[in-house]
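Some notes on the structure that comes next.
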Amino acid sequence: MSAQTDTTQGSVTTTVYKVSGMSCGHCEGAVSGEISEIAGVGSVRAVAATGEVTVVSEAPLDDAAVRAAVDEAGFELVGRV
């Protein structure tokens, strides 16, 4: 993984991940849906054009949990942006 990219404001943390293989809205939905099931996640925004997935959570997430969710959706977590 690259350098820490968590941004904490108040009681929320925003982390941007790079995911490879997304090419359409369906891909974005699949990745967002899996990551949103992780405990503490408030919102997820996936953008296929950039491969970036922005996650807002109550606290920093375990990278292994995010990787597992992205794998379950059928894509590859490259790392943090």
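Each residue takes its place number in the sequence, starting with 1. This structure is a prediction, so every number in the text was calculated from the model and none was measured.
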Notebook entry, point to check: Can you tell me how far CD1 of Ile35 sits from OG of Ser57, rounded to the nearest 0.5 angstrom?
Noted result: 10.5 Å

Next item on the list: Tell me, please, which residues at least two apart from Ser23 pass side chain to side chain contact (heavy atoms under 4.5 Å, CB included).
Entry: Cys27

Notebook entry, point to check: Asp62: what forms a side chain to side chain contact (heavy atoms under 4.5 Å, CB included) with it, not counting sequence neighbours?
Noted result: Ala64, Ala65

Next item on the list: Work out which heavy atom in Leu77 is nearest to a heavy atom in Val19; give both atom names and the distance.
Entry: CD1-CG2, 4.2 Å

Check: From Arg45 CZ over to Ser32 OG, what is the distance, rounded to the nearest 0.5 angstrom?
Finding: 9.5 Å

Checklist line | Gap separating the CD atom of Glu37 from the CD atom of Glu72, nearest 0.5 angstrom | finding: 8.5 Å

Next item on the list: Applying side chain to side chain contact (heavy atoms under 4.5 Å, CB included), run through Tyr17 and Val66 and close with a yes or a no.
Entry: CA-CA 9 Å; Tyr17 297 94; Val66 176; 3.6 Å; yes

Item checked: Side-chain heavy atoms of Thr13 within contact of Glu58, under 4.5 Å -> no

Note to self: Measuring from atom CD of Glu52 to atom CD of Glu28, what distance do you get when rounded to the nearest 0.5 angstrom?
What the structure shows: 12.0 Å

Item checked: Results of side chain to side chain contact (heavy atoms under 4.5 Å, CB included) for Ala30 - residues two or more places apart only -> Ala73, Phe75

Notebook entry, point to check: If you measure from CE on Met22 to NZ on Lys18, what distance do you get to the nearest 0.5 Å?
Noted result: 8.0 Å

Margin query: Within this structure, what is the CZ-CG distance for the pair Arg67 and Leu61, rounded to the nearest 0.5 Å?
Written below: 13.5 Å

Notebook entry, point to check: When Val53 is tested against each of Thr15, Val31, Val16, Val70 for side-chain contact (heavy atoms from CB on, under 4.5 Å), which residue passes?
Noted result: Val31

Margin query: Determine whether Val41 and Val56 satisfy the following criterion, side chain to side chain contact (heavy atoms under 4.5 Å, CB included), listing intermediate values before the conclusion.
Written below: CA-CA 6 Å; Val41 170; Val56 178; over 6 Å; no

